[in-house]
Amino acid sequence: MHIVHTIKEVRAQIKLWRNEGLSVGYIPTMGFLHEGHASLIKKASEENDRVVVSIFVNPIQFGPNEDFEKYPRDLKRDSYICSSNGAHLIFAPEPSEMYVQNNSTFVDVENITEGLCGAKRPGHFKGVCTVVSKFFNIISPDRAYFGEKDAQQLAVIRKMVIDLNFNIEIVGCPIVREPDGLALSSRNTYLSAEERKAALILNKSLKLAKASLEAGEKNPSEIKRTIIDELSKEPLAKIDYVEVVDSLSLKPIDSINNKILVAIAVYIGKTRLIDNFSF
Ligand code: PAF
């Protein structure tokens with residue numbers, strides 16, 4: 001497995017593979033990889049001849065008071081996880097390689113970025129879509145793999161790929177959880193032992209909501225109430241949002257008739273965690 005840092009090097013390698021008629025799978029990441037990323041790399045290596053992982057903490061998707069500076073970084077550890085799960089190439093550019101000074105072009109996907117995380121993190125999806133478009137143009141993969149934990153991100157990328165005619169299949173992969181139910185996230189590393197315990201409330205509240213849906217509940221407000229009541233029992237938890245939305249439009253709904261996404265964002269101490277399920 002190779003690690004490269006420039007666009008020129010990635011393009012040269014991809015060209016060699018293309019000349020041999022090989023297919024390319026791609027996983028965009030911000031590094032500090034965990035089993036969730038490993039599952040994407042494994043799936044990509046089953047479905048493609050070659051697998052590229054990008055590792056780039058993208059400055060333009062972080063708000064001014066967010067964790068860009070302290071976001072965990074460990075390329076050595078990441079390269080071990082990539083190679084042991086079947087990746088062939090890591091592309092780990094510096095910000096100066098990805099953004100020329102006075103970058104003037106951004107990709108903004110409208111409508112489905114207005115609620116959920118989009119409402120709470122202004123500019124976040126513009127940053128995500130811009131960087132992912134750039135990686136798609138640099139790598140031109142056949143398939144790109146995204147985790148369902150960032151359900152809105154996955155929906156936004158699917159929409160962007162349709163709207164901008166990227167010839168790339170977007171593959172969504174299930175959330176990977178710790179044995180006790182906590183969804184894996186690079187940000188879990190910020191949690192103290194006490195907060196780590198408290199964070200279990202996210203999955204617990206979603207499980208209660210799912211049970212209620214399975215029992216026939218059709219009122220989205222009741223589902224939200226169930227989750228809010230449960231989250232409120234945890235003193236370290238501060239709700240950022242609890243939403244029940246249509247799974248395609250990501251718009252709030254009055255009654256549950258089609259496929260829905262139940263999505264939450266909760267601060268545990270200073271750490272913002274997200275989780276969701278579809279029903
Ligand atoms: O999900 C992430 O880690 C990031 O948003 C992504 C897709 C790598 C873009 O920076």
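First listed ligand is number 1; within each ligand, the first listed atom is number 1. Just so you know, residue 1 is the first one in the sequence shown, and it goes up from there.
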Look at the aromatic rings of Tyr26 and Phe135 and report parallel, tilted or perpendicular, splitting at 30° and 60°.
tilted
Any idea which atoms of ligand 1 are less than 4.0 Å away from a heavy-atom of [X]?
X      : result
Pro28  : 8 (C)
Val131 : 9 (C), 10 (O)
Asp150 : 1 (O)

Does any pair with a residue in residues 151-184 pass ring pair (Phe, Tyr, Trp, His ring centres under 6.0 Å), and if so which ones, sequence neighbours excluded?
Phe136-Phe166
Less than 4.0 angstrom from a charged side-chain N to a carboxylate O is my criterion; do Glu46 and Lys42 meet it?
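Salt bridge absent between Glu46 and Lys42.
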Does the distance from a Lys or Arg side-chain N to an Asp or Glu carboxylate O, for Asp275 and Lys149, drop under 4.0 Å?
no
Report the part of Thr29 (side chain from C-beta onward, or backbone N, CA, C, O) that has a heavy atom under 4.0 Å from ligand 1; answer both or neither where that applies.
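Just the backbone.
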What I want to check is whether the side chains of Asn257 and Ser255 have a donor and an acceptor closer together than 3.5 Å.
yes
Nearest non-hydrogen atom to atom 10 (O) of ligand 1 belongs to which of Gln61, Gln153, Met30?
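Considering heavy atoms of Gln61, Gln153, Met30, the nearest to atom 10 (O) of ligand 1 sits in Gln61.
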